[in-house]
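Remarks on the structure that follows.
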Protein chains: 2
Amino acid sequence: MPIERVIAAAVKLVDEVGPGDFSMRLLAQRLQSSTATLYRHFASKDEIFAEVVDHVLGEVPRHLTDTADTATWQERLITIADALFRTLKKHPTVVSLFNDHIPFGPQGLAARETAMGVLLSSGFSPEAAAKAYTVVAHYTIGFASQLGAYAGDGPEDDQGIREFYDSLDPARYPATVASAPFLPSSLDDEFRFGLQLIVDGLTTQLAAVPTPTTPSPHRR
Amino acid sequence: MPIERVIAAAVKLVDEVGPGDFSMRLLAQRLQSSTATLYRHFASKDEIFAEVVDHVLGEVPRHLTDTADTATWQERLITIADALFRTLKKHPTVVSLFNDHIPFGPQGLAARETAMGVLLSSGFSPEAAAKAYTVVAHYTIGFASQLGAYAGDGPEDDQGIREFYDSLDPARYPATVASAPFLPSSLDDEFRFGLQLIVDGLTTQLAAVPTPTTPSPHRR
DNA sequence: ACCTGAACACCGTTCAAGT
DNA sequence: ACCTGAACACCGTTCAAGT
């Protein structure tokens with residue numbers, strides 16, 4: 001009956017069977033209760049999913065690796081994005097739920113506050129921080145959303161994808177075949193590659209305006 | 001009974017009611033047929049969704065704006081990503097289906113081939129082209145995946161989000177409140193901002209290796 | 001007050017039976 | 001050979017009835 005127990009069980013169930021096979025009946029059964037009882041705590045399945053998203057966001061701080069006081073804002077921003085990405089990778093089936101609603105729950109707000117604090121104390125202007133965090137958060141969640149496509153039943157692992165493009169008719173798909181051997185080795189590598197590009201781009205962009213870009217100690 | 005008519009009706013139905021409310025019965029009814037007949041053409045609902053994704057990808061070329069022969073690869077790459085993003089924006093409820101499977105259908109292959117052709121003929125090495133296209137494609141689809149979150153029932157429009165963050169307790173969420181007035185004005189603007197960052201990053205990255213980055217006429 | 005079995009109006013998928 | 005009504009085993013959500 002404690003609400004937190006329901007949410008924890010819901011997270012576990014989504015992790016195990018995915019949002020598609022998740023059902024109120026299954027959840028009620030696991031809690032040795034009935035669906036009608038669940039509806040006294042939550043208005044709908046969707047509301048439970050929102051709580052699941054918030055619960056998962058609560059794990060982000062655990063994946064935040066310590067950064068030295070001398071770390072640049074670039075290093076700090078990459079650390080934050082990486083913590084979010086690693087959290088989502090631990091709950092691959094949950095990620096799609098992030099695309100239904102903006103995470104306005106307490107853990108979502110806390111994650112945003114922590115990240116914005118790091119950026120502001122690293123010398124970002126409020127405007128630059130808002131744009132940087134928003135784009136990095138959307139980039140990270142967007143990439144993680146596609147994790148599911150690489151865990152299906154087709155030739156959908158790194159090696160299989162390369163082989164598939166390589167096996168196409170070179171007369172019909174010359175450019176695709178030519179580049180097939182050079183495809184990124186994993187969505188992970190690609191995520192880091194793109195994240196670095198964005199941070200590089202932010203560095204260039206910020207250097208062009210009077211916003212201070214020199215690192216300053218975080219939360220001294 | 002022609003298979004293309006079924007797919008066209010499926011796209012229309014997903015556009016209208018979303019994947020959640022889409023049902024085989026509803027589709028059969030629109031086609032004045034029965035669900036059992038649908039199963040003689042497609043093995044499952046999932047297979048129909050795969051065809052819907054491919055059909056939508058077929059619209060990308062229509063959104064490709066003409067680029068001058070003197071256009072840089074940066075301009076060409078942005079044009080390609082923008083065409084994909086605009087296509088997905090026209091089918092916001094379809095986008096989530098992109099996250100279930102890699103688009104290996106004929107239209108998906110054609111879109112990839114066109115984009116890779118542009119990059120290769122713009123002077124990219126096969127390796128640089130593969131990495132650049134993959135990261136840009138995932139970036140674009142990832143961003144578009146989150147379009148749904150900004151069309152819900154909460155305070156989920158640009159103005160409402162700003163107001164929500166602005167109304168938080170400044171003592172508890174100082175960094176969030178400080179940056180609230182500067183949030184990007186729309187997911188559109190943010191998409192273009194991030195895309196520019198990635199292209200800027202690619203420019204820096206490519207300048208550091210012997211890969212030619214000078215524009216050359218496309219498909220002369 | 002708190003809980004729940006059973007019901008309602010749906011699903012995806014299959015199959016025996018019709019033309 | 002091609003189609004389909006009806007069935008099967010499920011859904012989310014509600015509500016009358018029980019303690």
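Chain A is the first sequence line, chain B the second, and so forth, proteins listed ahead of strands; every chain is numbered from 1.
Aromatic rings of A:Phe49 and A:Phe42 (six-membered ring for Trp) have centroids beyond the 6.0 Å cut-off, not under it.
Under the ring pair (Phe, Tyr, Trp, His ring centres under 6.0 Å) test applied with A:His138, the options B:Tyr150, B:Phe193, B:Phe191, B:Tyr139 reduce to a single match, B:Tyr150. Screening B:Gln107, B:Lys90, B:Arg86, B:His91 for a side chain to side chain donor-acceptor pair (under 3.5 Å) with B:Glu59, the sole residue that qualifies is B:His91.
Using a 4.0 Å heavy-atom distance criterion, A:Phe42 is classed as making no nucleic acid contact.
When rounded to the nearest whole Å, the span between CZ of A:Phe22 and P of D:dC11 equals 11 Å. Rounded to an integer number of Å, the gap from CG of A:Leu31 to C1' of C:dC3 is 14 Å. What separates CE of A:Met24 from C1' of D:dT14 is a distance of 12 Å, to the nearest Å. Going from atom NE2 of A:His41 over to atom C1' of D:dT13 covers 16 Å, rounded to whole Å. Atom pair A:Leu26:CG and D:dC11:P shows a separation of 7 Å (rounding to whole Å applied). The interatomic distance linking A:Tyr39 (OH) with D:dC11 (P) rounds to 12 Å, in whole Å. Here the C1' atom of nucleotide C:dT13 and the CD atom of B:Glu47 are 14 Å apart, to the nearest Å. The distance from atom CG of B:Asp46 to atom P of C:dC11 is 18 Å, rounded to the nearest whole Å.
Each of C:dC15, C:dG12, C:dT4 was ranked by its minimum atom distance to the side chain of A:Thr37; first place goes to C:dT4. Nearest nucleotide to the side chain of B:Ala36, out of D:dT4, C:dG5, D:dT13: D:dT4. For A:Lys45, taking side-chain heavy atoms from C-beta onward, the closest of the listed nucleotides C:dT4, D:dT13, D:dC8 is D:dT13. Of the candidate nucleotides D:dG12, C:dC11, D:dT4, C:dC11 has the atom lying nearest to any side-chain atom of B:Arg25.
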Got a list of protein N/O to nucleotides 16-19 of chain C N/O distances below 3.5 Å?
none

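No donor-acceptor distance shorter than 3.5 angstrom exists from the side chain of A:Ser179 to the backbone of B:Glu127, with no hydrogens or angles considered.
For the atom pair B:Ser145 OG and A:Ile141 CD1, the distance stands at 11.0 Å (nearest 0.5 Å). Here A:Arg76 contributes atom CZ and A:Ser121 contributes atom OG; the two are 6.0 Å apart, rounded to the nearest 0.5 Å.
Between B:Leu84 and B:His63 there is no side-chain heavy-atom pair separated by less than 4.5 Å.
For the pair B:Ser23 and C:dC11, the criterion of a side-chain N or O lying under 4.0 Å from OP1 or OP2 is met. Regarding contacts with the backbone of D:dT13, every side-chain N or O of A:Thr35 stays at 4.0 angstrom or more from both OP1 and OP2.
For C:dA16, the paired base is D:dT4 (Watson-Crick or G-U wobble, both distances below 3.5 Å). For D:dC11, there is no paired base (Watson-Crick or G-U wobble, both distances below 3.5 Å).
When each of B:Ala43 and A:Arg40 is assigned the nucleotide of DNA chain C bearing its nearest heavy atom, the one mapping closer to the 5' terminus is A:Arg40.
Both cation-pi conditions hold for A:Arg112 and B:Tyr165: the charged atom is under 6.0 angstrom from the six-membered ring centre and inside a 45 degree cone around its axis.
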